[in-house]
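Report on one structure; see the data block that follows.
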Amino acid sequence: MSIVTLFVESQNSSSERRFLKSITIDDLKTRLEPVVGIPASDQQISILQGTTHVGDIPRDAGDKMLGYFSVEDYMALRVTNANPSSAAAINFNDDSQVEKYTMDDDEYDKRTDTVRAFKRRHNMGRFADGKSAMSIDEEDEFKDLAAAISVDRRCEVATVPGVVNYARRGTVRFVGKTSFRPGYWVGIEYDEPVGKNDGSVDGVQYFKCPSDHGSFVRPDKVTVGDFPEEDLFGSDLEEM
């Protein structure tokens, strides 16, 4: 089994690849299509040794093997698009051909997961004058979600969004505003010592719980419901 290492070049990419010399040109073009972004039927392949043009692989040589064209290690296959219409439509280096998503500034300002929102929360940049820079929206951030959560309810906290196995269980001990950050927060007493405090932050006691069992999270990370404390040592296996 003879393998050859070749450079594959195109308008959109450049990479080093290994091919069997016994691969047919049709199969080679199929493998090159996702690499160079040119449909197999439109590919024109030239062989180069450094910058020297060695020759072209005929478009109708589909059943011939790559080795038939005397390719050697570290030669280059330059792939161009022989179809002028598709060549103009598929140029990944021309970003003017890519439709771009734009967002209205007012809509962007309402989002809570942006750089602007982060700077506003941390009084950075043009928001550095503190409280006066905070919008009313930020003070009421997560207000509606917080209204649906009540103290002493069992809950799960999503530490990794959308991944159930990473949810932590506990009990809601606090819902409301705090002095450490604007907006609404939920204080959780976790079943296990996976928290960050005892219910206090910066000397202010919002609720009481054992050390490392308490944590404060945003309401959008909390799901209340029938979440009994998990038996970490329980097992359904029969053992002797």
- Item | Flag for D56-S46: side-chain donor and acceptor within less than 3.5 Å |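 D56 and S46 do have a side-chain donor-acceptor pair below 3.5 Å.
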- Query: Do you see a donor-acceptor pair shorter than 3.5 Å between the side chains of D198 and S200?
  - Reply: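 There is such a pair (donor and acceptor under 3.5 Å, judged by atom type) between the side chains of D198 and S200.
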- Task: For the pair T30 (side chain) and D26 (backbone), establish whether a donor and an acceptor sit closer than 3.5 Å, ignoring hydrogens and angles.
- Result: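 Answer holds: yes.
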- Donor-acceptor contact present, side-chain E33 to main-chain A40, <3.5 Å: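 Flag set: sc E33 to bb A40 pair under 3.5 Å.
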Rounded to the nearest 0.5 Å, how far apart are [atom1] of [X] and [atom2] of [Y]?
{"X": "T171", "Y": "F207", "atom1": "OG1", "atom2": "CZ", "answer": "10.0 Å"}
{"X": "M103", "Y": "D109", "atom1": "CE", "atom2": "CG", "answer": "11.5 Å"}
{"X": "I38", "Y": "T80", "atom1": "CD1", "atom2": "OG1", "answer": "6.5 Å"}
{"X": "R78", "Y": "E9", "atom1": "CZ", "atom2": "CD", "answer": "5.0 Å"}
{"X": "C155", "Y": "I188", "atom1": "SG", "atom2": "CD1", "answer": "3.5 Å"}
{"X": "R111", "Y": "D106", "atom1": "CZ", "atom2": "CG", "answer": "14.0 Å"}

So, do [X] and [Y] sit near enough that their side-chain heavy atoms are less than 4.5 Å apart?
{"X": "Y184", "Y": "D140", "result": "yes"}
{"X": "Q43", "Y": "V36", "result": "yes"}
{"X": "E141", "Y": "T112", "result": "yes"}
{"X": "V204", "Y": "T178", "result": "no"}
{"X": "R59", "Y": "Q44", "result": "yes"}
{"X": "D152", "Y": "R173", "result": "yes"}

- Query: In chain order, what residues pass the side chain to side chain contact (heavy atoms under 4.5 Å, CB included) check against R31, with sequence neighbours excluded?
  - Reply: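 R31 satisfies side chain to side chain contact (heavy atoms under 4.5 Å, CB included) with F19, I23 only.
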- Query: Among all residues two or more places apart in sequence or in another chain, which pass the side chain to side chain contact (heavy atoms under 4.5 Å, CB included) test with S15?
  - Reply: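 For S15 the side chain to side chain contact (heavy atoms under 4.5 Å, CB included) partners, ignoring immediate neighbours, are V8, R17, V35.
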- May I ask you to check whether over 12 heavy atoms, not counting those of K21, lie within 6.0 Å of atom NZ?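 Counting neighbours around NZ of K21, more than 12 heavy atoms of other residues, nucleotides or ligands fall under 6.0 Å, so yes.
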Can you list, pair by pair, the side-chain donor-acceptor contacts under 3.5 Å of residues 64-77, counting residues two or more places apart and other chains?
| from | atom 1 | to | atom 2 | distance (Å) |
| --- | --- | --- | --- | --- |
| D73 | OD1 | T5 | N | 2.8 |

If you take all heavy atoms of [X] and [Y], which pair is closest and at what distance?
{"X": "A146", "Y": "V175", "result": "O-CG1, 3.6 Å"}
{"X": "Y190", "Y": "S215", "result": "CE1-CB, 3.5 Å"}
{"X": "H53", "Y": "L48", "result": "CA-CG, 4.4 Å"}

Are any of the side-chain nitrogens in [X] or [Y] under 4.0 Å away from the carboxylate oxygens of its partner?
{"X": "D226", "Y": "R154", "value": "no"}
{"X": "E192", "Y": "R168", "value": "no"}
{"X": "R218", "Y": "D220", "value": "no"}

- F180 and F216 aromatic ring geometry - parallel, tilted or perpendicular at 30°/60° bounds: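 It falls in the perpendicular class, over 60°.
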In this structure, would [X] and [Y] fall into the same cluster of hydrophobic residues linked by side-chain contacts under 4.5 Å?
{"X": "V201", "Y": "V222", "answer": "no"}
{"X": "V217", "Y": "I149", "answer": "yes"}
{"X": "V157", "Y": "V224", "answer": "yes"}
{"X": "I25", "Y": "V4", "answer": "yes"}

- Message: Please tell me whether F174 and Y206 form a close aromatic pair, meaning their ring centres lie under 6.0 Å apart.
- Response: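 Between F174 and Y206, the centre distance is under 6.0 Å.
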- side chain to side chain contact (heavy atoms under 4.5 Å, CB included) evaluation trace for I45 with L28: CA-CA 10 Å; I45 303 176; L28 173 66; 4.2 Å; yes
- For the pair R116 and Y108, evaluate side chain to side chain contact (heavy atoms under 4.5 Å, CB included) and give the outcome as yes or no after the intermediate values. CA-CA 9 Å; R116 183 184 298 175; Y108 180 80; 3.4 Å; yes
